[in-house]
Protein chains: 2
Amino acid sequence: MSASDLFLADCPARTTLALVGDTWSVVVIMALGEGPRRYGEVLERIGGISKKMLTQTLRRLERNGLVDRDGADYRLTALGSSLLDVVGALARWAEEHTDALVDAQAAA
Amino acid sequence: MSASDLFLADCPARTTLALVGDTWSVVVIMALGEGPRRYGEVLERIGGISKKMLTQTLRRLERNGLVDRDGADYRLTALGSSLLDVVGALARWAEEHTDALVDAQAAA
DNA sequence: CAGTATCCTATCGGATACTG
DNA sequence: CAGTATCCGATAGGATACTG
C-alpha cells in the first residue's frame, strides 16, 4: 500500500517522522499556522518554551523547508502548511482525549 | 476555539503530545494497527528497533491506555485505535513528502 | 521466546548570563 | 529585541550480555 515502507529501518519517512518527534515542533508549527509571526511573538504565544529551544526548533524547521525566515520574521512554507493539517489533527486528538489518558495513567 | 489551549504551558494536551513525541511510538502504533501481534512479531516487523526500546515503548503505551497486553500478546485499545487514524495521517504525510524534505535539507 | 540488566553516548531541554 | 554561549541534569536510544 505504501510506496515507501515506514517499517523499514532505512526508510526516509522515518527521518521525516523524527522531525515532529520532539516536544516543540508541533506547537511551533501550530503557532505559525495562525499566520506569520516575529520571534518574540512566538515566544510569548507559546507558554514555557525557552529562547534556546525556540531558536533551535525554528532553525531545524527552516533547514527542512517547513519554515521560511526573513530576519526575525517567520512563516510556514507551503510544505509547512501541508503539515499543519496533519499536526492540527494530532493536536485536536490530544485535546479531546486528555481525560482518557489521565484516567488510564491514574488506573495504572 | 480550543477548549484546552495547546499554547498554555500547563495544558494536559502537551503531556499527551509528548506521548507520540518519540521515535518509536508512532511506528509501534502503526504496527499494532495491522492487528494484534506478539512481541517477537512486532520486533521483526519494525526494522531497527531494539528490544529495549520496543519493551519501553510498549510499556508506556500500555500505561497510557493505548495498548492492551496479555502476556506477550499486544493489541490496540479503542483509545489506541482512535489515535491510529491521526498517526496514520502523519505517517502518510511523512511518506508523501519525503522528497521535498530531502531536497530542502540538501539545499540548506 | 520475551524480556531484563548494564553501560555508553547523544540529544533534549531548562537556567542563566551575555552580546549587537 | 533577537538571539548566542555555557553549564547542567534528565531522557532517549543503541549494544551487548544475561535470565527463565
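Note on naming: letters A, B, ... go to the chains in the order of the sequence lines (proteins, then strands), and numbering restarts at 1 for each one. Since this is a predicted model, take the numbers as computed values, not measurements. Reckoned from all heavy atoms, side chains included, excluding hydrogens, waters and symmetry mates.
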From [options], nucleotide with atom closest to [X] side chain:
X	options	answer
B/Met53	D/dG14, D/dG3, C/dT4	D/dG14
A/Gln56	D/dA12, C/dC12, C/dG3	C/dC12
A/Tyr39	D/dG3, C/dC12, D/dA17	D/dG3
A/Lys52	C/dG14, C/dA2, D/dA2	C/dG14

Nearest-Å distance, [atom1] ([X]) to [atom2] ([N])?
X	N	atom1	atom2	answer
B/Leu54	C/dA2	CG	P	10 Å
B/Leu17	C/dC12	CG	P	17 Å
B/Arg37	C/dA2	CZ	C1'	18 Å
A/Ile49	D/dA2	CD1	C1'	14 Å
B/Asp70	C/dG3	CG	P	11 Å
A/Asp73	D/dG3	CG	C1'	14 Å
B/Glu41	C/dC1	CD	P	11 Å

Is there a side-chain contact between [X] and [Y] (heavy atoms, below 4.5 Å)?
X	Y	value
A/Leu58	A/Tyr39	yes
B/Val27	B/Ile49	no
B/Met30	A/Phe7	yes

* Structure fact -> When A/Lys51 and B/Gly40 are each assigned the nearest nucleotide of DNA chain C, the 5'-most assignment goes to B/Gly40

May I ask you to evaluate whether [X] reaches the phosphate of [N], defined as a side-chain N or O under 4.0 Å from OP1 or OP2?
X	N	result
A/Arg69	D/dG3	yes
A/Arg38	D/dA2	yes
A/Arg60	C/dT11	no
A/Trp24	C/dG14	yes
A/Tyr74	D/dA2	no

* Structure fact -> By nearest-heavy-atom nucleotide on DNA chain D, the more 5' of A/Thr55 and B/Gly48 is A/Thr55

* Go ahead and name the base partner of D/dA12; Watson-Crick or wobble counts if both distances stay under 3.5 Å, otherwise write none. => C/dT9

* Just name whichever nucleotide pairs with D/dT19, Watson-Crick or G-U, keeping both distances under 3.5 Å, else none. => C/dA2

* Looking at A/Leu6 and B/Ala91, what are the two nearest heavy atoms and their distance? -> CD2-CB, 3.7 Å

* Flag if over 12 foreign heavy atoms under 6.0 Å of CD, A/Glu34 -> yes

